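Letters A, B, ... are given to chains in the order of the sequence lines, protein chains preceding strands, and every chain is numbered from 1. None of the values given here were measured: they were computed from a predicted structure. All values below come from the heavy atoms of this structure, side chains included, with hydrogens, waters and symmetry mates left out.
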There are 2 protein chains.
Amino acid sequence: MLRNDITVAIRNAVMSELAEVGYGRLSIEAVARRAGVGKTAIYRRWSNKLEMVLEIITDVAGRKVPVPDTGSFASDLDLLMMIVSRALQHRVASQIIPDLMAEAARNPQIAETLQRVLRIHQQSVGEKLVGQAVARGELPEGTDPDVAVDLILGPLYWRLAVSRQPIDDDYLEKLAAAVLGSLKGGSAT
Amino acid sequence: MLRNDITVAIRNAVMSELAEVGYGRLSIEAVARRAGVGKTAIYRRWSNKLEMVLEIITDVAGRKVPVPDTGSFASDLDLLMMIVSRALQHRVASQIIPDLMAEAARNPQIAETLQRVLRIHQQSVGEKLVGQAVARGELPEGTDPDVAVDLILGPLYWRLAVSRQPIDDDYLEKLAAAVLGSLKGGSAT
DNA sequence: ATGCGGCGGAACGCAACCGTTACGTCGTAG
DNA sequence: CTACGACGTAACGGTTGCGTTCCGCCGCAT
């Protein structure tokens, strides 16, 4: 019964508002205004701001990310870092993710939702990637996938979402090489 | 003329409010309430919320951090990572920093202030640490201090401020070893 | 003793937004 | 053709916070 084009307009408006003003300052009225929609239409779908945002975020973030499998760990790594850096350079991601992360620190529901959609992905990617590499003998037995994930995502996130310095291909190469070195070296035990 | 004890009370209240509700929802009235102070006292010192927060943040974050210099890069690194991880585990830091980072993405003044107080520190630490190590021959000539800083701070920040998983000594050791390996390996060129 | 100035408290008018409701329109299913 | 239901608009009372103003208190310097 609820018209789908209206729902889509609202979803888009929420994402834009989130990017522009953040969760804290997001108001239902602004979303309605932006979507060209009455508040009624929003309250007919969700009962409050938190529920609305959580549902939309879950939906958007829940889309599957393909795990690279190129045949060698080095090129898997290159590819993954390129994908991640591209993703983090999109306005939506680079604005919304840090904002929701900060919000998650005070709102358990947001925290729980984010962990579900982000960390589970992250973890499975890490395990698969490291697993493949270990099986191929490219990484030492017992390499900790958690450490690996932190080493891969941490610097990228820091650069792009925190430090907000631009990343060029040259830099990405250096970083990939360093990460590769660190894992080959001795994150074992 | 302005009473100093009042100023201190306000500063503390601002930091607490920032940690609890974030910049977006921080209200002058709440700060005044918390500090046990009239709004008048606040407006007598700063003319608005942004100016107040910027001044206080600059002041708090501007305190110098000693750069480790233990004689070997490996132990410098261990020490630095321990210091940073300790700092990031404090409630104030782990709540306020991500919040302000997110806010910085849309407020140029906040962004500029944070970059001044954080990045400059960060950069100088990186350059000094890497410089020492290269001079000692512990790292290859031409090691990029930027990459090094990202490799050191990125994973820690990711773990503690984003992923929010606990860090134990064992994990810290693995991470330090990995970072060391990556830098010794080949982040050069 | 007098006066200056910072202080807390209270109230101001204004704006934004909450969540709800009433109303009139319009497309569609029956 | 009719009835239903989602739609936009507009208004509701209530809350919160802004930035300002005025008051009376009190400490301090003269």
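- If you measure from atom CZ of Arg3(A) to atom C1' of dG8(D), you get 10 Å, rounded to the nearest angstrom.
- Minimum atom distance to the side chain of Met1(A) is reached by dA6(D), of the listed dC18(C), dA6(D), dG17(D).
- A salt bridge does not link Glu29(B) to Arg34(B): none of the charged nitrogens lies less than 4.0 Å from a carboxylate oxygen.
- Whole-Å rounding puts the Trp46(B) CH2 to dT20(D) P distance at 16 Å.
- One can place CD1 of Ile10(A) at 11 Å from C1' of dA6(D), the figure rounded to the nearest angstrom.
- Following rounding to the nearest Å, Asn48(A) (CG) and dC17(C) (P) show an atom-to-atom distance of 17 Å.
- Distance from the side chain of Val37(B) is smallest to dG8(C) among dG8(C), dC18(C), dT20(D).
- Among the protein residues, Arg45(A) comes within range of the sugar-phosphate backbone only, with heavy atoms under 4.0 Å from sugar or phosphate atoms but none that close to a base.
- Protein atom CZ of Arg44(B) is 9 Å distant from nucleotide atom C1' of dG8(C), rounded to whole Å.
- Between the Thr7(B) side chain and the Arg3(B) main chain, a donor and an acceptor come within less than 3.5 Å of each other.
- Between Arg164(A) and Trp158(A), every side-chain heavy-atom pair lies at or beyond the 4.5 Å cut-off.
- Side-chain proximity of Arg33(B) to the nucleotides dG17(D), dC18(C), dC7(C) is greatest for dG17(D).
- At a threshold of 4.0 angstrom between heavy atoms, the contacts of Lys49(A) with the nucleic acid are absent.
- Rounded to an integer number of Å, the gap from CG of Leu2(A) to P of dC4(D) is 18 Å.
- For Glu29(B), whose side chain is taken as the heavy atoms from C-beta onward, the closest listed nucleotide among dG8(D), dG19(D), dG6(C) is dG19(D).
- In the set dA11(C), dT9(D), dT20(C), the nucleotide with an atom closest to the side chain of Thr40(A) is dT9(D).
- Cation-pi check for Lys184(B) over Phe73(B) is not met; the charged atom does not lie both under 6.0 angstrom from the ring centroid and within 45 degrees of its normal.
- Listed nucleotides dC17(C), dG6(C), dT20(C) differ in distance to Tyr43(A); the shortest reach to its side chain belongs to dT20(C).
- Of all nucleotides listed (dC7(C), dC7(D), dG19(D)), dC7(D) comes nearest to the side chain of Ile6(A).
- In this structure, CZ of Arg25(A) is placed 18 Å from C1' of dC18(C), rounded to the nearest angstrom.
- In this structure, the NZ atom of Lys39(B) is 15 Å from the P atom of dC22(D), given to the nearest Å.
- A salt bridge does not link Lys128(A) to Asp69(A): none of the charged nitrogens lies less than 4.0 Å from a carboxylate oxygen.
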